[in-house]
Each structure stands twice: as C-alpha cells, then as structure tokens.
Amino acid sequence: MSEALANPLAARDHARRMAGTVVEAMPVLPPSADDLPAGVSPADLLWEETIAAGGYATRRLARGAQLRLIDVQGDACASILLFNAEMPTERLNVADTVKIQWNAYLGAGKLLLSDMGRVLMSITEDGAGTHDTFCGASNAASNGAKYGDGSNSGPHPNGRDRLLLGAAKHGLTRRDVHPCVTLFKGTRIQADGTITPLVGPYEPGRSVILRAEMDVIVVIANCPHVLDPREDWTVTPLRATAWRGLATPADDAIRTATPEGLRAFENVDDYYRR
C-alpha cells in the first residue's frame with residue numbers, strides 16, 4: 001500500500017475518484033444492454049453482468065424470467081447451481097435431470113429438474129451444444145494437484161469454492177453446494193465408459209437461453225472444467241443477461257414434448273396452486 005493510501009482520508013478520496021470506472025467484468029447498474037432479443041423491452045431487463053475468468057455471480061430470478069449466457073471469447077465454463085428461491089432445500093438434481101429425460105446431453109428443449117420432480121429451468125435456445133452433466137465443478141484438491149494451488153484466494157480458484165461464495169450470499173453453506181451442471185464445456189461418454197472432455201476453445205459468442213419455471217436462485221462459477229487437459233489454468237469471461245417474462249403456457253412446445261416433462265411441469269403448477 002502506498003503511503004498516500006495508508007491515510008484513510010486519502011484512501012477515501014482515491015476510492016471516490018474511481019466512481020464510474022468500467023472494467024471488463026462487473027455488473028451493469030442499472031442493467032442495460034443493446035443486443036436484447038426481438039420483443040424484449042429494455043424496461044424488462046433484470047440483470048446484466050460480465051463474470052470474470054475465475055469469478056462467480058448469483059441472482060434470484062422470478063418465474064418466467066429468461067437468462068441468456070454468452071461465452072464471450074469462446075473459453076468460458078459456466079458451472080451452475082439452482083435452488084427453489086422460496087424453499088432452497090429444493091434444488092437442482094443432476095441425476096434426476098438425466099434419468100427422467102432419458103438423456104445425459106443437455107440442449108434446447110431439455111429441462112433442469114429439482115429433487116422434488118419439478119422443473120426449475122428449461123433450456124429454450126442452445127447455440128453451444130457442449131455441456132456436461134457428469135463431472136461437476138473443480139475443487140481445491142483437483143486444482144491444487146493440477147496447477148499447484150487451488151485455493152479460493154489464489155491464482156487458480158476452483159469452481160466448487162466459487163459456487164460456495166455465491167450460495168453463501170443467500171444464507172446457504174458448503175453442504176448446500178450440490179452437484180452442478182456445466183454449460184459451454186462438455187463431455188461425451190465412450191463405449192468403454194471413458195469420459196472425453198469437450199473443452200474448446202470454441203468460436204466466441206456462443207449462447208444459451210434458460211427460462212425460469214419457478215422462482216429460482218441461480219449461482220454461476222466461471223472456472224476451468226475439471227477435466228480440461230491444458231496445462232495452464234485457462235478460462236475467459238462469461239456474460240449473463242436476464243429479463244422478465246411470463247410463466248410458461250399450457251401449450252408450450254417444451255412443456256408438452258414428453259410425458260415425463262409434462263408431469264414435471266404439472267408438479268410446478270401444483271406447487272403454485274397452493
């Protein structure tokens with residue numbers, strides 16, 4: 001610390017001079033964006049943030065809201081936790097998400113299901129196609145073994161501890177950091193059971209849009225995939241944009257696509273009928 005900033009009054013003045021400074025990764029307040037989809041009013045914008053490499057973010061989204069994630073430079077890795085915002089003991093269940101839909105590979109039309117058989121979010125658009133439901137997030141031990149330091153405050157932060165920081169903002173603890181899904185970095189299971197990572201880098205600008213089917217807490221960590229084969233800790237910024245929307249109608253194509261999915265939506269209806 002410089003001698004000038006060691007003085008509290010000088011430090012205050014320096015901090016105030018930083019007001020209005022824009023950096024690559026930060027929330028935009030009030031939220032604004034010049035590339036909203038057709039039909040979305042700027043007045044409906046809820047969240048605009050660029051999540052730094054190794055960063056995390058969290059937001060509570062109301063039922064019907066839509067969340068667009070953009071892999072800005074082609075090397076982002078979005079590990080995501082979801083909770084019922086009203087009752088966070090209900091949360092994303094990756095095993096049921098895979099089992100109930102008879103499919104482990106997420107994409108447009110797929111659902112993210114809770115441990116109570118309800119749809120937390122659905123994927124309405126997918127411009128990436130490389131996602132992962134098998135591996136979960138990196139942790140301090142995995143990053144430490146690979147990069148030499150996996151601590152939260154070190155140069156190679158891990159996904160699990162970043163998710164913990166996001167969850168803690170909602171009063172949740174380490175035991176609430178459940179298995180996640182990962183978007184933009186994928187895996188494929190080979191015939192012999194080998195897991196092949198699909199980590200890119202990819203073309204910049206790929207995006208995914210998710211629709212909140214319940215009031216949800218979303219927690220996102222942007223850290224390298226746990227199976228990334230590269231020697232260097234490598235990840236690039238991730239952009240999140242969310243806007244208000246309406247609850248999914250009864251004739252929605254994603255809702256009615258399969259009997260299993262319809263039942264999960266009906267469970268949501270029953271929950272909100274109370």
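Summarising the geometry of F184 relative to A128, their closest heavy-atom pair is CD2-CB, 3.8 Å, with the distance given to 0.1 Å.
Residue N143 forms a side chain to side chain contact (heavy atoms under 4.5 Å, CB included) with just one option from N158, N152, D161, D149, and that option is N158. Among T130, D132, T97, the single residue meeting the side chain to side chain contact (heavy atoms under 4.5 Å, CB included) criterion with L106 is T97.
Side-chain polar atoms of H131 and D126 form a donor-acceptor pair below 3.5 angstrom. S207 and E125 form no side-chain donor-acceptor contact under 3.5 Å, judged by distance and modelled atom types alone. Neither side chain, D232 nor T234, offers a donor N or O lying under 3.5 Å from an acceptor on the other.
Contact of the E213 side chain with the S114 side chain is not registered, since no non-hydrogen atoms from C-beta on lie closer than 4.5 Å. Residues M214 and V119 have side chains not in contact (no heavy-atom distance under 4.5 Å, counting atoms from C-beta outward). Contact annotation: the side chain of T258 never approaches that of W102 to less than 4.5 Å [non-hydrogen atoms, C-beta and beyond]. Looking only at side-chain heavy atoms (C-beta outward), D215 and Y272 come within less than 4.5 Å of each other. For the pair C180 and I80, the minimum side-chain heavy-atom distance is 4.5 Å or more. Side-chain contact between L92 and L120: present, with at least one pair of heavy atoms (C-beta onward) separated by less than 4.5 Å. The shortest side-chain heavy-atom distance between C135 and T182 does not fall under the 4.5 Å cut-off. Using a 4.5 Å heavy-atom cutoff, the side chains of P237 and Q73 are in contact.
Remark: side-chain polar atoms of D75 are not paired, donor with acceptor, to backbone N or O of T236 under 3.5 angstrom. Of the possible polar contacts, none joining the K110 side chain to the I123 backbone as a donor-acceptor pair under 3.5 Å is found. No donor-acceptor pair closer than 3.5 Å links the side chain of T124 to the backbone N or O of L210. Counting only distance, with no hydrogens or angles, the side chain of W47 and the backbone of R60 share no donor-acceptor pair below 3.5 Å. For N222 (side chain) and G55 (main-chain N/O), no donor-acceptor pair under 3.5 Å exists by modelled atom type. Side chain of D176 to backbone of T173: a donor-acceptor contact under 3.5 angstrom is found. Looking only at distances, no side-chain donor or acceptor of T50 sits under 3.5 Å from a matching main-chain atom of R239. At distances below 3.5 Å, at least one donor-acceptor pair connects side-chain atoms of Q101 with backbone N or O atoms of L111. Side-chain atoms of R255 do not come within 3.5 Å of backbone N or O of A253 as any donor-acceptor pair.
I217 belongs to a hydrophobic cluster whose other members, connected by ILVMFWY side-chain contacts under 4.5 Å either directly or through intermediates, are L81, F83, L163, L164, L172, V177, V219. Grouped by direct or indirect side-chain proximity (heavy atoms under 4.5 Å, Ile/Leu/Val/Met/Phe/Trp/Tyr only), V226 sits with Y105, F134, I189, I195, L227.
The 12-atom threshold is exceeded at CZ of R188, counting heavy atoms of other residues, nucleotides or ligands nearer than 6.0 Å. Annotation: L246, atom CG; neighbour count of heavy atoms from other residues, nucleotides and ligands within 6.0 Å does not exceed 12. The neighbour count for E231 CD, taken as heavy atoms of other residues, nucleotides or ligands under 6.0 Å away, does not exceed 12.
For the atom pair L36 CG and R68 CZ, the distance stands at 6.0 Å (nearest 0.5 Å). Summarising the geometry, atom CG belonging to L29 is positioned 8.5 Å from atom CD belonging to E49; distances are rounded to the nearest 0.5 Å. The structure places CG of L82 at 6.5 Å from NE2 of H178, a figure rounded to the nearest 0.5 Å. Atom CD in Q190 sits 3.5 Å away from atom OG1 in T196 (nearest 0.5 Å).
The side-chain hydrogen bond (donor to acceptor under 3.5 Å, both in side chains) check on Y271 picks up N84, E86, R274, with sequence neighbours excluded.
Grouping the Ile, Leu, Val, Met, Phe, Trp and Tyr side chains by contacts below 4.5 angstrom, directly or via other members, places W243 apart from I220. No single ILVMFWY cluster, assembled from side-chain heavy atoms under 4.5 Å apart, contains both L67 and V72.
The pair K99-D96 meets the salt-bridge criterion, since a charged nitrogen lies less than 4.0 angstrom from a carboxylate oxygen.
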| task | Show your working on salt bridge (Lys or Arg N to Asp or Glu O under 4.0 Å) between R273 and D270 and close with a plain yes or no. | result | CA-CA 5 Å; R273 195 176 290 122; D270 183 64; 3.5 Å; yes

